[in-house]
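The structure appears below as structure tokens.
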Amino acid sequence: MIRLCDGFVFPPCLFLILLHHLVTLSSVAREEERPVVRVRYAPSPTGTLHIGGARTALFNYLYARRHNGRFILRVEDTDETRQIPGSEALMMAGLKSLGLEWDEGPDMEDNSRYGPYRVSERLVRHRALADQLLASHRAYRCFCSPEQLAIDRKALRAKNLAPRYSGRCRSLTEDEVRARAGERSVVRLIVPQEGMCTVHDVIRGDVEFDNRVFDDFVIMKPDYTPVYNFAVTIDDHDMEITHVIRGEEHLSNTPKQLFVMAALGWDDVPTFAHLPMILAPDKSKISKRHGATAVEEYRDQGILLAALANYLLMLGWSTPDGREILTIDEAAQEFSLERVQHTGAIYDQKKLEWFSHQYMTHLPIAEIARLVRPFIYYRVDEGPSYEAVVSLCRERAYTLVQLADQMAFFYHPPEHYDAKGVAKYFTALTAQRLDCVRNELQGLSHWDREALMQAYDRLSEALGVKRAELIHPTRLSVTGRTVGPGLFELLELLGSAEVLSRLQTTAERIRSGNLVTQD
RNA sequence: GACCCCAUGGUCUAGAGGCCUAGGACAUCACCCUUUCAAGGUGGUAACCCGGGUUCGAAUCCCGGUGGGGUCACCA
């Protein structure tokens, strides 16, 4: 029993209930205070969607989904000179093709308090804050010419010192600044030159920087537009971004963003997560010379994009149980930043293709049939059932390009024959053998794989040859190839008229010496 | 050069001091299956960067090397 005061005895169970209520109430309050997870992918519209960017977007997307948060697309178009027209649309198409739909972005009707979602359209805000920093002497005008700065940097390099701004214009008086008002100038932030700066990173832990390694960096260009590190900090704050998930190359610049926040008096520092980079086989930064890097290039190669997303997911993240094949939706159930790898990952085309093959064989037939359609370079309106052909061929294909190629003979008789196959399977007896096969098949009352198999058994016995000696020439004569689906399935699907016709054609070509081979 | 990050087979990774004789996947090799090629099955080759500590015990913790990467723009 708990005695609160004389004469009143508080039953313990009631006390516990009250205590429980208190705890529950306070946790509810905390729940409400805690902002929803808001993450962003902020690409610069200077090209197409790159696999590195795609993975960054993917991890952001998964984190948002996992925590019922918002995934925001923001276009980082602060530098007009570097932009490529149409890039924004290309990037959005790339994200969508991977299944990464954003909740807020530049293409959406903006009725939220967070937009606009193009950085160039937020200029008024950036300028106002730059004005504010200038007025409060947290920043200053710098009139140094680029030429002068280049000379300074060179001098420092020569002395093996880090290239940093001298601070020359920091001590300019207000009168001096006013006097030079018409001159070309930039705005620099005053960076504290003592103390340390700590970046809390969920993947890497606390990372410390000595403030002295940073100089007074530029926040506004001569045309009074913001530099990335300034704009990104403001936009993340204004958009109430809670988690900044981005590439490792941004880690060293994070203190600059913290300095901006401090100067502005903001303390809502987002949680950072710096993802390891995707590397080329030689461990260098992956680029064009290493082959495909853009999502659209993979699409054109016929790599299934669901597989690409899955592969990218496994480049730096893993499930606790070692499962590798999982869809974006499945991954969204269990994604966590804590399980992100610290090391840069080398991109491996072979494994990507293996993933593509997995999806090729496990996605619904109708889906594959739809996806391969753009890669079909021949007419398919006559001939065997399109989906049946897809079904028969897909388990041998790693890409949609391969699949389309392997399906071709179902719709077009071979014009040439595999050279190695001809050398191996076509002999002086072949034309005659093909005639025998044609005779045998002609008499079939049922045209299905079972009946076909029996026909080959009968004929091989009658001729006294192995079944394989009939099968290989048949395949080559009907498809022009030595590889492909099982012969009986293939013949069944192709249909008796077509098969008999092709057998005859091939036999004639052999006899007349008009057989064209191809390597 | 300074600062920061990182370090398990060829590649992606598991590993939170004893469950590790280091597990899985891709690739590779062999065999099996088989009408070809795939797929599938079985098995094999192959890794804790080096050196010091701490500990009864280290892939795991600490320090130092080495190596790789990133950043130091009026690019993002």
Side-chain angles (χ1 to χ4, degrees), chain A residues 42-46 76-79 81-82 119 142 144-146 149-150 153 156-164 184-188 199 201 203-204 207-210 212-215 217-223 225 227-229 231-232 246-256 274 276-277 279 281 283-285 311 314-325 339 341-355 357 361 393-398 406 421 424-425 453 456 466-472 474-476 479 481-488 490:
Chain A
S44 173
T46 52
E76 214 69 26
D77 58 349
T78 40
D79 189 348
T81 60
R82 291 171 60 93
V119 176
C142 169
C144 298
S145 68
L149 294 174
R153 262 196 297 270
L156 288 166
R157 282 268 192 210
K159 283 191 260 180
N160 256 340
L161 293 169
R164 52 204 306 285
R184 198 192 104 100
S185 68
V186 296
V187 179
R188 288 183 184 271
V199 175
D201 186 292
I203 295 174
R204 287 154 212 281
V207 182
E208 296 206 320
F209 296 85
D210 191 321
R212 282 172 298 192
V213 309
F214 297 95
D215 60 3
F217 58 94
V218 173
I219 57 174
M220 294 297 273
K221 302 176 196 177
D223 62 356
T225 59
V227 162
Y228 170 78
N229 283 122
V232 81
R246 62 191 354 174
E248 191 187 346
E249 65 269 25
H250 289 283
L251 181 53
S252 298
N253 278 326
T254 306
K256 291 184 180 176
H274 288 96
M277 316 229 315
L279 274 23
K283 293 200 177 203
S284 67
K285 205 168 180 175
Y311 174 66
M314 301 319 290
L315 231 45
W317 184 78
S318 61
T319 54
D321 57 13
R323 266 179 315 131
E324 294 197 299
I325 302 291
R339 289 193 66 83
Q341 176 79 10
H342 300 181
T343 324
I346 294 174
Y347 158 83
D348 180 14
Q349 176 80 13
K350 274 268 180 14
K351 189 149 188 178
L352 204 214
E353 288 178 9
W354 178 80
F355 272 98
H357 179 248
T361 51
C393 293
R394 67 166 173 168
E395 63 187 81
R396 264 157 273 256
Y398 279 63
Q406 287 162 17
K424 190 169 178 186
Y425 301 121
M453 205 185 301
Y456 274 79
K466 282 192 202 157
R467 209 170 61 156
E469 289 183 57
L470 265 20
I471 285 173
H472 295 307
T474 304
R475 173 191 303 284
L476 189 53
T479 71
R481 304 179 182 212
T482 57
V483 301
L487 184 71
F488 306 119
L490 172 175

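Each chain gets a letter, A, B and so on, in the order its sequence line appears, and its residues count up from 1.
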Rounded distance (Å) that lies between atom [atom2] of [N] and atom [atom1] of [X]:
{"X": "A/Tyr228", "N": "B/rC75", "atom1": "OH", "atom2": "P", "answer": "14 Å"}
{"X": "A/Ile346", "N": "B/rU8", "atom1": "CD1", "atom2": "C1'", "answer": "14 Å"}
{"X": "A/His342", "N": "B/rG68", "atom1": "NE2", "atom2": "P", "answer": "22 Å"}
{"X": "A/Lys283", "N": "B/rC6", "atom1": "NZ", "atom2": "P", "answer": "15 Å"}
{"X": "A/Leu279", "N": "B/rC12", "atom1": "CG", "atom2": "C1'", "answer": "13 Å"}

Look at all strands and tell whether [X] reaches a base, only sugar-phosphate, or nothing, counting heavy atoms closer than 4.0 Å.
{"X": "A/Thr78", "result": "sugar-phosphate"}
{"X": "A/Gly486", "result": "base"}
{"X": "A/Ser252", "result": "base"}
{"X": "A/Cys393", "result": "nothing"}
{"X": "A/Val186", "result": "base"}

Is there a donor on the side chain of [X] or the base of [N] sitting less than 3.5 Å from an acceptor on the other?
{"X": "A/Arg475", "N": "B/rU35", "answer": "yes"}
{"X": "A/Arg396", "N": "B/rC37", "answer": "yes"}
{"X": "A/Lys351", "N": "B/rA27", "answer": "no"}

Query raised in the report: Does the side chain of A/Pro276 come within less than 4.5 Å of A/Arg204's, by heavy atoms?
Result: yes
Query raised in the report: Where does the angle between the aromatic ring planes of A/Tyr228 and A/His250 fall among parallel (under 30°), tilted (30 to 60°) and perpendicular (over 60°)?
Result: tilted
Query raised in the report: Do we count A/His250 as stacking onto B/rA76 if the rule is ring centres under 5.5 Å and planes under 30°?
Result: yes
Requested in this report: May I ask you to check whether over 12 heavy atoms, not counting those of A/Arg212, lie within 6.0 Å of atom CZ?
Outcome: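 Not more than 12 within 6.0 Å, no.
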Query raised in the report: Now, which nucleotide makes the Watson-Crick or G-U wobble pair with B/rA39, with each of the two distances under 3.5 Å?
Result: none
Query raised in the report: With distance as the sole criterion, is a donor-acceptor pair present between the side chains of A/Thr482 and A/Tyr425 under 3.5 Å?
Result: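 No pair is found: no donor N or O on one side chain lies under 3.5 Å from an acceptor on the other.
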Requested in this report: Return the 5'-most residue of the pair A/Arg157, A/Met453 with respect to RNA chain B, ranking by each residue's nearest nucleotide.
Outcome: A/Arg157
Query raised in the report: With respect to the side chain of A/His357, which nucleotide from B/rA39, B/rC26, B/rU35 is positioned closest?
Result: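 So the side chain of A/His357 is nearest to B/rA39.
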Query raised in the report: Quick one: salt bridge (charged side-chain N to carboxylate O under 4.0 Å, His left out) partners of A/Arg246, sequence neighbours excluded?
Result: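 Result, salt bridge (charged side-chain N to carboxylate O under 4.0 Å, His left out) vs A/Arg246: none returned.
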